[in-house]
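Below is one structure, written out as structure tokens, with a few remarks after it.
Ligands are counted one by one from 1 in listed order, and the atoms in each one are counted from 1 as well.
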Amino acid sequence: MIKVLVNGAQGRMGRTVLDAVKNDSELELVGAVDIFSGEVDGVKVETDLSAALDKYKPDVMVDFTRPNAVFQNVMTALEKKVSPVVGTTGLDDVAKEKIRDATEKFQTPAFIAPNFAIGAVLMMLLAKQAAKYMPDVEIIELHHDKKLDAPSGTAELTAKMISEVRNAHKQGHPDEVERLANVRGADYEGIHIHSVRLPGYVAHQEVIFGGLGQTLTIRHDSTGRDSFMPGVLLACKKVRTLSGLTIGLDKLMD
Ligand code: NAP
């Protein structure tokens, strides 16, 4: 049995993970932590991550907290040789490099996925393939209005993956003028990213390619948080077999 502690246990994702871990025969839920103490589904939620890691000695810490907390949480886990499985978005490249160094220093593997939904991973892989042939592309990501960071980690990773096969270039008319600031969205090496935040959404993304007389749209919709659970559970089971820092669910797929 792989022992799992869930951090951010009272959040939207944390509660869903808690339930999924409890119902998995290969995983044992040993502890739950959040910024406020409480109880979720009969599980006591504690507030001191470091103390809970010492007390329950999990193999894995799943983190679905906040962009401003995740880096310190991951470092605390690695120092105690607990493998982080991270869903919290907002870690920048500098933070990821520091985490990579810490995995080596403490000889403890870590896993980060900006999106744990298999369909979203396929969307990114298909978008990367399409961009070779249709290099003019824009990304629209749509999320619930409680999301703290923008763009989404998925949109950023999609743009990065597309940039690996596409030469950076300016899109749209060379003389275009924004009459409202940022109306054309953020610019990642010429790829425009647009972030929509509205009640009613969970997590959605469209990657739109434009060519002569045609467009191609690749769209993924997470309509419920359970879409992320098979990926989270897989990462909990595999993370201890990895080495260093692994980023992206595609790395765990055949
Ligand atoms: P949420 O409902 O706000 O949950 C976050 C929980 O963590 C809250 O209970 C929060 O408490 C708590 N928290 C904040 N700081 C903490 C700390 N230092 N230690 C322990 N707990 C802390 O957010 P969510 O919708 O579940 O999303 C969580 C994160 O997961 C976001 O970054 C989101 O973008 C990401 N996400 C990733 C995926 C993926 O597939 N990778 C999928 C969905 C969401 P307070 O509310 O009191 O601050």
(message) Below the 3.5 angstrom mark, is there an N/O of Met13, backbone or side chain, next to an N/O of ligand 1?
(response) yes
(request) Measure the distance from atom 17 (C) of ligand 1 to every protein heavy atom, then report the residue, atom name and distance (to 0.1 Å) of the closest one. (result) Ala69 CB, 3.9 Å
(message) Using a 3.5 Å cut-off on N or O atoms only, is Ala113 in polar contact with ligand 1?
(response) yes
(message) Polar contacts were defined as any N/O atom of the residue lying under 3.5 Å from an N/O atom of the ligand; does this apply to Pro114 and ligand 1?
(response) yes
(message) So, regarding His144 and ligand 1 (criterion: nitrogen or oxygen to nitrogen or oxygen, under 3.5 Å), is there a contact or not?
(response) no
(request) Report yes if some N/O of Phe36 lies less than 3.5 Å from some N/O of ligand 1; otherwise report no. (result) no
(message) When you group the ILVMFWY residues by side-chain heavy-atom contacts below 4.5 Å and let the links chain together, are Ile99 and Phe64 in the same group?
(response) no
(request) Please report which non-hydrogen protein atom sits nearest to atom 36 (N) of ligand 1, along with the residue it belongs to and the distance in Å to one decimal place. (result) Gly87 O, 3.7 Å
(message) Considering Ile112, Thr89, Asp48 one by one, which has a heavy atom nearer to atom 33 (C) of ligand 1 than any of the others?
(response) Thr89
(request) Report yes if some heavy atom in the side chain of Val6 is under 4.5 Å from a heavy atom in the side chain of Leu29; otherwise report no. (result) yes
(request) State whether the shortest distance between N or O atoms of Arg66 and N or O atoms of ligand 1 falls below 3.5 angstrom. (result) yes
(request) Using only heavy-atom distances, determine whether the side chains of His143 and Glu141 contain a donor-acceptor pair under 3.5 Å. (result) yes
(message) Is there a polar contact between ligand 1 and Pro67, counting only N or O atoms under 3.5 Å apart?
(response) no
(message) When you compare the side chains of Thr65 and Asn73, does any donor N or O come within less than 3.5 Å of an acceptor on the partner?
(response) yes
(request) Run down the list Thr65, Val33, Leu148, Leu249 and name the one with the heavy atom closest to atom 31 (C) of ligand 1. (result) Thr65
